[in-house]
Each structure stands twice: as structure tokens, then as C-alpha cells.
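Worksheet for the structure shown next.
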Protein chains: 2
Amino acid sequence: MIFPLCPRARQRRKEARPGELLSAALEVFGERGFAATKLDDVAKRAGVSKGTVYLYFDSKEALFKAAVESAVIPAVEAGEALAADHSLSPAEALRTFVFWWWEKVGASDIGALPKLLVAEVGNFPELGKWFHENLVMRGKRAAASIIERGIASGDFRPVVAMDVARILFAQMFAYVLWRRAFGPAMPDLPKPEAYFATVVDILVNGLKGETKCA
Amino acid sequence: MIFPLCPRARQRRKEARPGELLSAALEVFGERGFAATKLDDVAKRAGVSKGTVYLYFDSKEALFKAAVESAVIPAVEAGEALAADHSLSPAEALRTFVFWWWEKVGASDIGALPKLLVAEVGNFPELGKWFHENLVMRGKRAAASIIERGIASGDFRPVVAMDVARILFAQMFAYVLWRRAFGPAMPDLPKPEAYFATVVDILVNGLKGETKCA
DNA sequence: GATTAGTGACTGACCGGTCGGTAATTTACT
DNA sequence: AGTAAATTACCGACCGGTCAGTCACTAATC
């Protein structure tokens with residue numbers, strides 16, 4: 001998705017540029033953070049020069065916010081669509097939701113978002129509110145709807161669905177952060193399939209030995 | 001702990017300065033990140049001028065690393081001591097461990113560490129390895145020792161203790177990050193007592209209705 | 001030839017780091 | 001005790017490098 005560096009292949013591509021720039025920006029901002037990111041680096045990664053960035057975005061800050069928004073919206077919409085699928089058992093649906101989320105969001109370039117947001121809300125406070133309303137709340141509500149289905153069907157005991165959704169989200173959030181931030185330094189971090197399977201097993205079955213009596 | 005700004009009260013305090021500077025540095029780095037932090041601001045918060053910073057630390061980077069190390073070491077040592085206390089039941093011990101950790105680490109200025117490390121490992125790769133070995137692994141082993149006690153006593157089913165420790169750590173990690181980063185923007189975030197009580201309840205008892213048959 | 005996407009040298013503000021100077025404190029001497 | 005000399009914590013103006021943002025120009029496309 002990044003334009004190759006071959007200088008002679010340089011072309012004029014007015015429609016494709018904004019997307020390429022947003023994608024490159026999300027990558028570099030995600031790696032280095034806002035302040036440590038140089039626009040020259042973003043431009044180079046998108047295969048253009050710095051001047052071109054300013055043809056499409058007013059400032060570094062505008063590019064940053066646009067990159068964040070462009071990543072959040074598709075992620076949350078896809079998550080809501082998935083939670084609305086009622087064809088699986090509640091426990092199965094939880095497993096699918098979590099693992100799908102990893103594949104579609106955590107492992108893609110959207111996965112840079114949590115780290116980026118955590119690092120930068122201190123410098124962009126309004127981003128925190130927006131992120132909470134547009135990603136966290138909607139995501140938690142989607143997960144909670146699965147839990148509620150499980151309670152209604154008698155598969156789960158009557159817990160507070162939003163509390164469990166919060167726990168589930170914290171796990172997904174932590175795993176993505178961990179992998180992005182400490183991945184190279186953490187050889188013992190399990191593969192996502194194994195990690196999320198364990199999480200859902202513990203959440204569903206608990207630690208108590210008595211569970212086996214069922 | 002921060003020296004008051006009263007200019008006439010300025011004194012020479014060779015022994016106290018390094019600690020004051022480290023504390024101020026941890027605060028400001030935690031709020032803004034490494035690159036966005038100005039040494040003038042750190043100096044001002046510690047009640048000195050920028051030149052004084054360079055009397056005690058070689059560079060901005062040296063100050064940063066010293067601030068991180070000075071916060072990590074007491075946190076991890078206190079955590080290990082707590083896990084070694086065998087006087088509580090396993091489920092009680094888990095609750096205590098998690099909640100104690102919040103009070104001693106999450107709510108103090110050490111709580112700035114997770115956010116700071118997540119944000120900066122990209123720019124300081126060696127920090128990631130060090131952090132993993134000296135904080136994450138030791139913390140997880142401490143939590144795992146509690147789980148293993150529960151398995152040995154028959155309170156818990158025979159899960160992989162380190163897996164559950166990872167899940168527990170992810171929760172603590174996520175809560176601290178959340179509070180620090182999005183706290184003002186997240187009015188629905190429960191108080192730590194309620195949050196951790198729910199986490200331990202779900203981990204121990206699970207979601208399944210059958211648990212109640214015990 | 002006209003239009004416009006794209007370039008990259010340039011500028012100015014900003015900030016990490018320095019260093020000559022100041023004043024608080026201690027030491028030495030009477 | 002008084003005070004002069006020596007010491008050193010601390011200050012803040014300054015320097016030099018860096019990078020966001022600009023603009024006169026180039027070249028691809030119509």
C-alpha cells in the first residue's frame with residue numbers, strides 16, 4: 001500500500017495520495033509518537049517529498065488527527081457488525097469476537113492506535129474524549145451484547161455485562177499494546193490464538209475446580 | 001516533595017536535588033512523553049533552573065532512564081514481598097495482591113511508568129528488554145506463585161499459572177493505563193476497589209452458571 | 001501552451017546543552 | 001566573634017542543531 005521508492009515511477013496521483021499519506025503517517029506516528037515523528041520520514045515512507053504532505057494536510061497536527069480518525073472508524077464499524085451475528089453459541093461468539101478483532105484490528109496497521117492514543121492523550125486531551133466515545137464505548141457495547149445473549153440463554157450466570165466487556169476489552173487492549181511495544185523483548189508472549197483461547201476459557205470457566213462438576 | 005517556588009527560599013540542597021529531579025522528571029515525562037518534554041519544564045517543576053539539571057545528570061536521556069529505573073525497582077520489590085505472604089486463602093490473596101498493587105503502584109507517581117514505557121520503547125529498544133525482565137517477568141512470577149498455591153491446595157483447577165498471571169497483569173496494566181490516559185474522559189470507569197473485585201470474581205468463578213452448583 | 005502535482009532548498013522558532021557569573025555556605029585566620 | 005578567602009550549588013543568557021512549515025521552481029498531463 002506504500003508507494004515504491006523508484007524515483008522514475010513517480011507519478012501524479014491526486015486521488016491515491018491522501019490514503020497513502022494517512023497510512024504512512026499512522027505507521028510512523030505509531031512507532032515514534034507524535035513529537036518524535038519527522039514529517040520528512042512520513043513523506044519518505046509514502047514515497048513523496050515533504051512539500052507534498054502540505055498539499056493535502058494543513059499541519060502536522062491535522063495529519064495526525066486525520067490518521068487516527070481514518071483508522072478508528074472502520075475498526076469500530078466492523079466490530080459492531082460482527083457482534084450482531086447471532087449464529088454462534090455465546091462462548092463461541094466471544095472467542096470469535098476476540099480473535100477476529102485481533103486479525104482485523106490488532107494485527108493490521110490499525111493496531112498502532114492504542115499505543116498512539118495512550119501516548120498522546122496527554123498532549124491532545126480532546127482526543128481522549130473522542131476516542132472513548134467513538135471506540136471504547138461502542139466496542140464495549142458490542143462485546144456486552146454477546147454477554148447479554150449468554151445470560152438470556154442461561155449459558156452465563158447473571159453478571160453485569162458491561163463489567164465483563166470491560167475486562168475483555170482490557171485484555172485485547174493489553175495484548176495489542178504488549179505486542180506492539182514489547183513484542184521483540186518478550187519471547188514468552190504466546191501467539192494470539194493461544195492467548196485469546198486461554199482468556200476466554202478462564203473468563204467462561206473460572207479458576208475454581210468445582211466448575212468441572214457440570 | 002517538590003521544592004516550593006518561593007524564589008527567596010532557594011537553598012543549596014545537594015543531597016535532596018537528585019530525588020526531586022527524578023520525581024519531577026517522572027511526572028513530566030509521564031504526562032508528555034520523552035520527546036515532547038522540555039527540560040525547562042522539568043527544572044521548573046523541581047524548583048530549579050535548567051542548568052542545575054546538568055549538575056546531576058549528563059543528558060536528557062540519562063535523566064529519563066534514571067527516572068524510570070528509580071521507579072521500577074521499589075515497585076517490583078514490594079510486589080514480590082506481598083506475594084510471599086501465605087496467610088490468606090488463594091482467592092483472598094489474589095484480591096489483596098491486585099488491590100495492594102493499585103494503592104502502592106498504580107495510584108502513586110510510579111503509575112506513570114506503564115504509559116511512559118509503552119510510549120517510548122519504540123525510541124529506546126533496550127528499555128523494553130530491561131523492563132520485561134525486571135518488572136513484567138518478576139511481577140508475573142509473583143502473581144503466578146499465588147495461583148500455584150491455589151492449585152496445590154485444590155482451590156483452583158489445574159490451569160497454567162503463568163497464563164493466568166499474564167491475564168491478571170494485563171488487567172492491572174490496562175486499568176492503570178486507562179486511568180492515567182483516559183481518566184478525565186471516562187466517567188464510567190469504576191473505582192479501583194470495584195473494578196478489581198469484579199476482575200477477581202470473574203477470574204475465580206467464571207461466567208458459567210454451573211459454578212453455583214458447588 | 002496551460003494547468004497543476006510535486007519538489008527540495010530555505011527560514012525561523014524552538015530546545016538541548018554550555019559556561020561565565022552570582023551568591024550561599026564553609027573554612028581559615030585573627 | 002568577626003571577617004576575609006575559598007568553595008561550590010545554582011542561575012540564565014547564549015549557541016548550534018533540528019525540524020515544521022514555505023515557496024519559487026520543475027515536470028507530468030491535458
Side-chain angles (χ1 to χ4, degrees), chain A residues 2-29 31-68 120 122-124, chain B residues 2-29 31-68 120 122-124:
Chain A
I2 299 304
F3 192 67
L5 286 170
C6 171
R8 273 306 81 201
R10 238 189 246 146
Q11 281 167 26
R12 312 169 74 194
R13 0 183 36 242
K14 187 177 180 174
E15 333 69 37
R17 283 281 180 251
E20 290 170 357
L21 285 167
L22 288 174
S23 176
L26 194 64
E27 280 182 31
V28 184
F29 281 133
E31 288 165 15
R32 306 240 181 276
F34 179 80
T37 291
K38 297 174 237 184
L39 284 193
D40 273 318
D41 292 343
V42 174
K44 188 172 285 176
R45 196 170 300 202
V48 297
S49 75
K50 190 168 65 171
T52 302
V53 176
Y54 283 89
L55 293 178
Y56 297 98
F57 300 95
D58 288 342
S59 64
K60 186 185 185 184
E61 190 171 326
L63 174 65
F64 174 72
K65 290 181 178 172
V68 170
E120 300 300 343
N123 302 105
F124 301 94
Chain B
I2 299 302
F3 192 68
L5 288 169
C6 173
R8 273 305 81 202
R10 239 188 244 144
Q11 281 167 25
R12 314 170 72 194
R13 359 183 39 243
K14 187 178 181 174
E15 336 70 37
R17 283 281 181 251
E20 290 169 357
L21 285 166
L22 289 174
S23 176
L26 194 65
E27 281 182 31
V28 184
F29 281 133
E31 286 165 17
R32 305 244 183 274
F34 180 80
T37 291
K38 298 175 236 182
L39 285 194
D40 273 318
D41 291 344
V42 174
K44 188 171 288 178
R45 196 169 303 201
V48 297
S49 78
K50 191 169 61 170
T52 302
V53 175
Y54 284 88
L55 293 178
Y56 297 99
F57 300 96
D58 287 343
S59 64
K60 187 184 185 183
E61 190 171 328
L63 175 65
F64 175 71
K65 290 181 179 172
V68 170
E120 300 300 342
N123 302 103
F124 301 93

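Below, read A as the first sequence line, B as the second, and so on, with proteins coming before strands; counting in each chain starts at 1.
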- Query: Contact class for B:Tyr56 vs. all strands (heavy atom < 4.0 Å): base, sugar-phosphate, or nothing?
  - Reply: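 Sugar-phosphate contact only.
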- For the helix from C:dG1-D:dC30 to C:dT30-D:dA1, how many degrees between its two end axes (five pairs per end), to the nearest 10°? 0°
Short heteroatom pairs, N/O only, protein and nucleotides 19-23 of chain D, under 3.5 Å:
unit_1 : atom_1 : unit_2  : atom_2 : d
D:dA20 : OP1    : A:Thr37 : O      : 2.9
D:dA20 : OP1    : A:Lys60 : NZ     : 3.2
D:dA20 : OP2    : A:Leu39 : N      : 3.0
D:dA20 : N7     : A:Lys50 : NZ     : 2.8
D:dG21 : OP2    : A:Tyr54 : OH     : 2.7
D:dG21 : OP2    : A:Lys60 : N      : 2.7
D:dG21 : O5'    : A:Tyr54 : OH     : 3.2
D:dG21 : N7     : A:Lys50 : NZ     : 3.0
D:dG21 : O6     : A:Lys50 : NZ     : 2.8

- Message: Could you work out, with salt bridge (Lys or Arg N to Asp or Glu O under 4.0 Å) as the rule, every residue matching B:Lys38, not counting sequence neighbours?
- Response: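 With sequence neighbours excluded, B:Lys38 shows a salt bridge (Lys or Arg N to Asp or Glu O under 4.0 Å) to no residue whatsoever.
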- Residues at least two apart in sequence or cross-chain that pass side-chain contact (heavy atoms from CB on, under 4.5 Å) with A:Ser49, listed by chain then number, are A:Thr52
- Message: Suppose we screen for side-chain contact (heavy atoms from CB on, under 4.5 Å). Which residues come up paired with A:Asn123, at least two apart in sequence or across chains?
- Response: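 Counting only residues at least two positions away or on another chain, A:Asn123 forms a side-chain contact (heavy atoms from CB on, under 4.5 Å) with A:Glu120, B:Arg32, B:Ala36.
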Roughly, in whole Å, what's the span from [atom1] in [X] to [atom2] in [N]?
X	N	atom1	atom2	result
A:Glu20	C:dA5	CD	P	15 Å
B:Leu63	C:dG17	CG	P	10 Å
B:Phe64	C:dG17	CZ	P	14 Å
B:Leu55	C:dT18	CG	C1'	11 Å

Over all heavy atoms of both residues, which pair between [X] and [Y] is shortest? Give the atoms and the distance, please.
X	Y	result
B:Ala43	B:Val53	CB-CG2, 3.9 Å
A:Ala35	A:Lys60	O-NZ, 3.6 Å
B:Phe57	B:Ala66	CE2-CB, 3.8 Å

- Looking at residues at least two apart in the chain, or sitting in another chain, which of them share a ring pair (Phe, Tyr, Trp, His ring centres under 6.0 Å) with A:Phe64? A:Phe29, A:Phe34, A:Phe124
- Task: State whether A:Thr52 places a side-chain N or O below 4.0 Å from either non-bridging phosphate oxygen (OP1 or OP2) of C:dT7.
- Result: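 Yes.
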- Does a side-chain N or O from B:Ser49 land closer than 4.0 Å to OP1 or OP2 of D:dC11, or not?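 Yes, B:Ser49 has a side-chain N/O under 4.0 Å of OP1/OP2 on D:dC11.
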- Main-chain N/O of B:Gly33 paired to B:Thr37 side chain as donor or acceptor, under 3.5 Å: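 Yes: the side chain of B:Thr37 pairs with the backbone of B:Gly33.
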